[in-house]
Amino acid sequence: MDANELGSELSKILVTEAELKARLAEMAREIEADYAGAEQPPLLVGVLKGAVMVMADLARELSFHAEMDWMAVSSYGASTKSSGVVRILKDLDTEIAHRDVLIVEDIIDSGLTLSWLKENLESRGANSVRICAMLRKPDAAKVEVDVAYVGFDIPTDFVVGYGLDYAERYRNLRDVGVLAEHVYADAG
Ligand code: XMP
Ligand code: MG
């Protein structure tokens, strides 16, 4: 989907398709260099559903055989969200003991989901667990998460596109944009 189709639903385009593509290529070169000495390429672990676009583009940009697996997680309600406790809705199919794991995410907001996920995967005996996130909202961070590869640091506005949704819409928008306030207002 092109941003032009959306009229005034976006207040701003933050990162264009071309910028995402160019940055992903840079990140892929870094990843290739960092894992060059490893016995086996890292297992890419995508977090559903938001990471689908980043995973598809990053994996195709990488020059090694990029094995992929997926997890789906959900935060336990608002009251326990600050504890960072997450429920696994879909777990990995892959045994990760002694593997290098690269978590692929669309966005880091508070950091709670990813810090929980990183610890969870480390506890399964992974050799290493690193994080690659296309977007990061530094001003929203509640916990410090070590992110090895970041695409773009962005303001704390709610963004959509490139996998990110509002009520399951906009995921297939090719750019990343800020959703206009009237879209929430119209939804009540
Ligand atoms: P944390 O735990 O880092 O959560 O707070 C990250 C998850 O929250 C969702 N998220 C967003 N989704 N636009 C979205 O469509 C946003 O601006 C946004 N910020 C956070 C997302 O699912 C991410 O995995
Ligand atoms: Mg997500």
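Just so you know, ligand 1 is whichever comes first in the structure, and atom 1 is the first atom listed for that ligand.
- By the side chain to side chain donor-acceptor pair (under 3.5 Å) test, D146 is found to be paired with no residue, residues two or more places apart in sequence or in another chain being considered.
- Using a 4.0 Å cut-off to heavy atoms of D165, the atoms of ligand 1 that qualify are 14 (C), 15 (O).
- Ligand-side atoms of ligand 1 in range of D106: 24 (O), range being under 4.0 angstrom from any heavy atom.
- Shown in contact with S110 at under 4.0 Å from a heavy atom are these atoms of ligand 1, numbered in order with element: 1 (P), 2 (O), 3 (O), 5 (O).
- For the pair V160 and ligand 1, no heavy-atom separation below 4.0 Å is found.
- Of all atoms in ligand 1, numbered sequentially from 1 with element shown, those under 4.0 Å from a heavy atom of T113 are 1 (P), 2 (O), 4 (O).
- Residue Y166 has no N or O atom closer than 3.5 Å to an N or O atom of ligand 1.
- For the ligand labelled ligand 1, residue G111 lies inside the 4.0 Å heavy-atom shell.
- Residues Y149 and D34 have side chains that bring a donor and an acceptor to within less than 3.5 angstrom of each other.
- For Y166, the ring-ring contact (aromatic ring centres under 6.0 Å, His included) test picks out Y184, with sequence neighbours left out.
- Under the 4.5 Å side-chain criterion, counting only non-hydrogen atoms from C-beta, V45 is not in contact with L102.
- In terms of polar-atom proximity, F158 is not counted as a contact of ligand 1, lacking any N or O under 3.5 Å from an N or O of the ligand.
- Here K137 has side-chain heavy atoms under 4.0 Å from ligand 1, and that is the only part of it that gets that close.
- Side-chain N/O atoms of Y170 and E9 include a donor and acceptor closer than 3.5 Å.
- Counting atoms of ligand 1 from 1 in the listed order, those under 4.0 Å from a heavy atom of L112 are 2 (O), 3 (O).
- T94 and D69 are linked by a side-chain donor-acceptor pair at a separation below 3.5 angstrom, with hydrogens and angles left out of the test.
- Taking 4.0 Å as the cut-off between side-chain N and carboxylate O, E39 and R99 do not count as a salt-bridged pair.
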